[in-house]
Amino acid sequence: MPLQIFNVLGREKQLFEPLEEGRVGMYVCGPTVYDHAHLGHAKTYVAFDTIVRYLRYSGYDVLYVQNITDVGHLLDTGEDRILKKARQIQAVPMQIVETYTRSYFEDMDALHVVRPDISPRASGHVPEQIKMIEELIASGHAYVVDGSVYFDVSTAPEYGKLSNRKIDAQQAGWREGVNTDKRNPEDFALWKKAEPEHIMRWDSPWGEGFPGWHIECSAMARKYLGPTFDIHGGGIDNLFPHNECEIAQSESANGAPFARYWVLTGSLQVSDADGIPVKMSKSLGNFVTVKDALKQYRPEVIRFFIQTSHYAGPVIYSNDSMTSARGGWERIYHAVRLTEQMMNSAPEGDDGNAFLERLEQARAAFGAAMDDDFNTPKALATLQELTRDVNNLLNSDATVGLSVLQAIHETYDNLAGDVLGIMPQNGVTPMTDGDREAGLIELLIELRAKARAEKNYAESDRIRDALAELGVVLEDRPDGTIWRTV
RNA sequence: GGCGUCGUGGCCGAGUGGUGAGGCAGAGGUCUGCAAAACCUUUUACGCGGGUUCGAUUCCCGCCGACGCCUCCA
């Protein structure tokens, strides 16, 4: 079955047909780098990582662009986020940007998030933004007031089509006294005049200033993906005004449709003191940083947790749900470890090759689930069902030949590893630390086997307990002992 | 108030007009020096009220409730 995607623009599941056959241009709104990433960011970017991985697994040549916002994102006090942070810790703004950009990539790398092909920074694309603003002024979509430039929403008749908002109905929300430069309250800034104390400033045809928040995505998407491209992603919380403004700017400036499919992710929530779920966010202070979460759970478990619910829905983070995710992930992981260790001593040949059909069926079921709007929970269910059958096979008396074990392993490698990114990355280079460690563990297992054969259980348990302390779990099976890390 | 998403068993979480997805937790069993793992069996479901239908958890209407956005957030 071909891939179907729920397009927020139109709010329906649609057959995915890229602009150019076999290629996908994709833009995802990235983070504002003024602090460490938290699990809410992880949910969004793991979700899009999974989508990109699946598109590539399906044979698409994906160009994935995800911006870094390092200028222009203002607080409601009119203060720039980056500048505020810089003042707090007495640093130069670009120092902040650099620190947290590195931190962001460090976290995403740890979570096995494949890096975007291009990670453009807003501050590095000011000329492109200025150019687009000039085009908008020339075509009558924007106007200059005292060194600032605003987009005239009344010139974009389709404004509101993504978020289903009608301009006239929103008047009530306008607060008196704010941004009185604007002709209409719903107009938004493309360029802001820099007050003397504003350090981040650039020359422009309208004097020194800095770009508005929305224009960066429009300018950078156009630069790297062209006026029209396939998929635009982001968190649902940016639906309005950010995404809506992007569309208005881009389509007005380019005279062409902007993104064809809009894919937005639901928010990560946390229960408050009364047990009511609320969004995890910086401003509420109820966040868990990715770095802290990684101290408690391995990256595969965090990914698995995120993938147990559909990307578009909300997810409630709690210790219980994480523990449950860990249990579910371990079941799959144990089967993979069992397969790997049986491969070490399996007979050559294809005994048990009737199982190959089951593997094909698993791939088909997994693909069908993912083709249905990237339904990762359903895809995981197909892996769990496969795992039950794999366990039954490997624990039976039947002989399983090496080629069949390899086929099983490859199936997990492709589906759980390549697509979902939930298999530990095992180094295949010879004599890595990992290999040395594996050799030492196996040596200890041999010593323990000798002790067990002599019924010296005190000694065998001592070895097992000591290894457990170090995070290596042993499991005795009729045909020997297997191990895995926790 | 406006726009939107959603309400599934102890918990998490898919899905469908008519055979109880899957996982976690619980109970019993098999296996085992112990442990662990695995497998088998097993217990609780579809917010409330109407309507359409032979039949609705699934479609329609209303209500209630939760969350998100409308002002910075992935």
Side-chain angles (χ1 to χ4, degrees), chain A residues 8 11 28-32 34-35 37-48 66 69 73-81 160 163-166 169-175 178 213 233-242 244 264-269 276-284 287 304-305 308-310 312-316 318 320-332 334-335 337-338 369 372 375-385 387-392 394-396 452 455 457 460-461 464-465 468 473-478 481-482 484:
Chain A
V8 177
R11 307 208 184 245
V28 171
C29 288
T32 302
Y34 67 109
D35 208 339
H38 57 66
L39 285 173
H41 300 105
K43 178 183 187 295
T44 298
Y45 300 118
V46 165
F48 285 112
Q66 186 193 108
T69 298
H73 203 158
L74 304 185
L75 295 161
D76 54 1
T77 56
E79 210 171 5
D80 184 292
R81 287 175 177 281
S163 58
N164 259 328
R165 241 164 261 263
K166 291 178 183 60
Q170 297 296 315
Q171 297 272 357
W174 181 35
R175 287 172 299 174
V178 179
W213 173 36
I236 186 76
D237 42 5
N238 277 338
L239 173 67
F240 189 90
H242 182 62
E244 198 69 71
L264 302 178
T265 56
S267 301
L268 186 72
Q269 305 183 330
I276 310 286
V278 291
K279 194 174 87 169
M280 179 180 283
S281 73
K282 278 295 295 174
S283 42
L284 292 174
F287 58 91
F304 185 96
F305 163 69
T308 50
S309 67
H310 185 74
V315 177
I316 301 176
S318 70
D320 282 355
S321 54
M322 287 302 293
T323 303
S324 175
R326 180 167 57 199
W329 175 80
E330 281 178 347
R331 187 155 171 277
I332 294 172
H334 291 174
R337 284 298 288 159
L338 179 57
D372 184 10
N375 193 331
T376 52
K378 203 169 175 183
L380 283 172
T382 68
L383 285 184
Q384 294 288 11
E385 284 167 351
T387 297
R388 183 190 56 223
D389 292 342
V390 166
N391 279 325
N392 267 319
L394 300 187
N395 289 297
S396 71
R452 289 181 72 211
K455 297 204 188 296
Y457 295 123
S460 68
D461 287 354
R464 185 174 59 193
D465 293 345
V473 175
L474 301 190
E475 187 181 316
D476 295 325
R477 300 172 49 77
T481 299
I482 65 172
R484 62 176 175 272

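Every chain is numbered from 1 and lettered A, B, ... according to where its sequence line falls, protein lines coming before strand lines.
Side-chain atoms of A/Q66 and A/F48, non-hydrogen and from C-beta on, never get closer than 4.5 Å to each other.
Every residue was checked against the salt bridge (Lys or Arg N to Asp or Glu O under 4.0 Å) condition with A/E330, not counting sequence neighbours, and none meets it. Legend: residues meeting side-chain hydrogen bond (donor to acceptor under 3.5 Å, both in side chains) with A/Q269, ordered by chain and number and at least two apart, are absent. Evaluation of the salt bridge (Lys or Arg N to Asp or Glu O under 4.0 Å) rule for A/R484 yields A/E475 as partners, not counting sequence neighbours. With sequence neighbours left out, A/S163 forms a side-chain contact (heavy atoms from CB on, under 4.5 Å) with A/R165, A/L239, A/F240, A/E244. Scored by the salt bridge (Lys or Arg N to Asp or Glu O under 4.0 Å) test, A/R477 finds A/D479 as partners (sequence neighbours excluded). With sequence neighbours excluded, the residues satisfying side-chain hydrogen bond (donor to acceptor under 3.5 Å, both in side chains) with A/T481 are A/D476. Considering only residues two or more places apart in sequence or on other chains, A/T382 meets the side-chain contact (heavy atoms from CB on, under 4.5 Å) condition with A/A365, A/F366. Applying the side-chain hydrogen bond (donor to acceptor under 3.5 Å, both in side chains) rule to A/N375 yields no partners; only residues at least two apart in sequence or on another chain are considered. For A/Q384, the side-chain hydrogen bond (donor to acceptor under 3.5 Å, both in side chains) test picks out A/R331, with sequence neighbours left out.
Rounded to whole Å, the separation between the C1' atoms of B/G18 and B/U71 comes to 49 Å. When the C1' atom is compared between B/A25 and B/A66, the two are found 25 Å apart, to the nearest whole Å. B/A14 and B/G22 are spaced 8 Å apart, taking the C1' atom of each and rounding to whole Å. Using C1' as the reference atom, B/C24 and B/G9 are 13 Å apart when rounded to the nearest Å. A gap of 13 Å separates the P atoms of B/G62 and B/G4, to the nearest Å. A distance of about 41 Å separates the P atoms of B/A27 and B/C69, rounded to the whole Å. Comparing the same atom, P, in B/U52 and in B/G15 gives a spacing of 29 Å after rounding to whole Å. The separation of B/A38 from B/U32, taken at their C1' atoms, amounts to 12 Å, rounded to a whole angstrom.
Residue A/V278 is classed as a sugar-phosphate contact, given heavy-atom separations below 4.0 Å to backbone atoms only. Within 4.0 Å of A/G40, counting heavy atoms only, lies at least one base atom of the nucleic acid. A/L268 comes within 4.0 angstrom of a nucleotide base, judged by non-hydrogen atoms across all strands.
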- What does nucleotides 32-38 of chain B look like as a protein-contact string, B for base, S for sugar-phosphate only, - for none, at under 4.0 angstrom between heavy atoms? -BBBBSS

- Contact state string [nucleotides 4-12 of chain B, B base, S sugar-phosphate only, - no protein heavy atom under 4.0 Å]: S--------

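Proximity of a side-chain donor or acceptor of A/K43 to a complementary backbone N or O of A/G266 within less than 3.5 Å is detected. A donor-acceptor pair under 3.5 Å is formed between the side chain of A/T387 and the backbone N or O of A/L383.
The side chain of A/K279 places no N or O atom within less than 4.0 Å of a non-bridging phosphate oxygen (OP1 or OP2) of B/A74.
The CG-C1' distance, from A/L284 to B/C69, rounds to 14 Å in whole Å. The nearest whole Å value for the distance from the NZ atom in A/K378 to the P atom in B/A21 is 12 Å. Summarising the geometry, the separation between CG on A/N375 and C1' on B/G15 is reported as 9 Å, rounded to the nearest angstrom. Atom CZ of A/R165 and atom P of B/G2 are 13 Å apart (whole Å). The CD-P distance, from A/E385 to B/A21, rounds to 10 Å in whole Å. Atom C1' of nucleotide B/A25 and atom CD of A/Q384 are separated by 15 Å, given to the nearest angstrom.
Of the listed nucleotides (B/A74, B/C69, B/A21), B/A74 has the atom at the smallest distance from the side chain of A/H38. Out of B/A66, B/A74, B/C3, the shortest distance to the side chain of A/P277 is found at B/A66.
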- Message: Expected output check: what is the dot-bracket annotation of RNA chain B, where ( ) and [ ] are pairs inside the strand (brackets for crossing ones), | is paired with another strand, and pairs are Watson-Crick or G-U under 3.5 Å?
- Response: (((((((..(((.....[...))).(((((.......)))))....(((((..]....))))))))))))....

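Ring-plane geometry between A/Y45 and A/H41 is classed as parallel, the angle between the planes falling under 30 degrees on a 0 to 90 degree scale with a further cut at 60.
Between A/Y45 and A/A381, it is A/A381 whose nearest contact on RNA chain B lies nearer the 5' terminus. A residue-by-residue look at A/P31 and A/G327 shows that A/G327 has its nearest nucleotide of RNA chain B further toward the 5' end.
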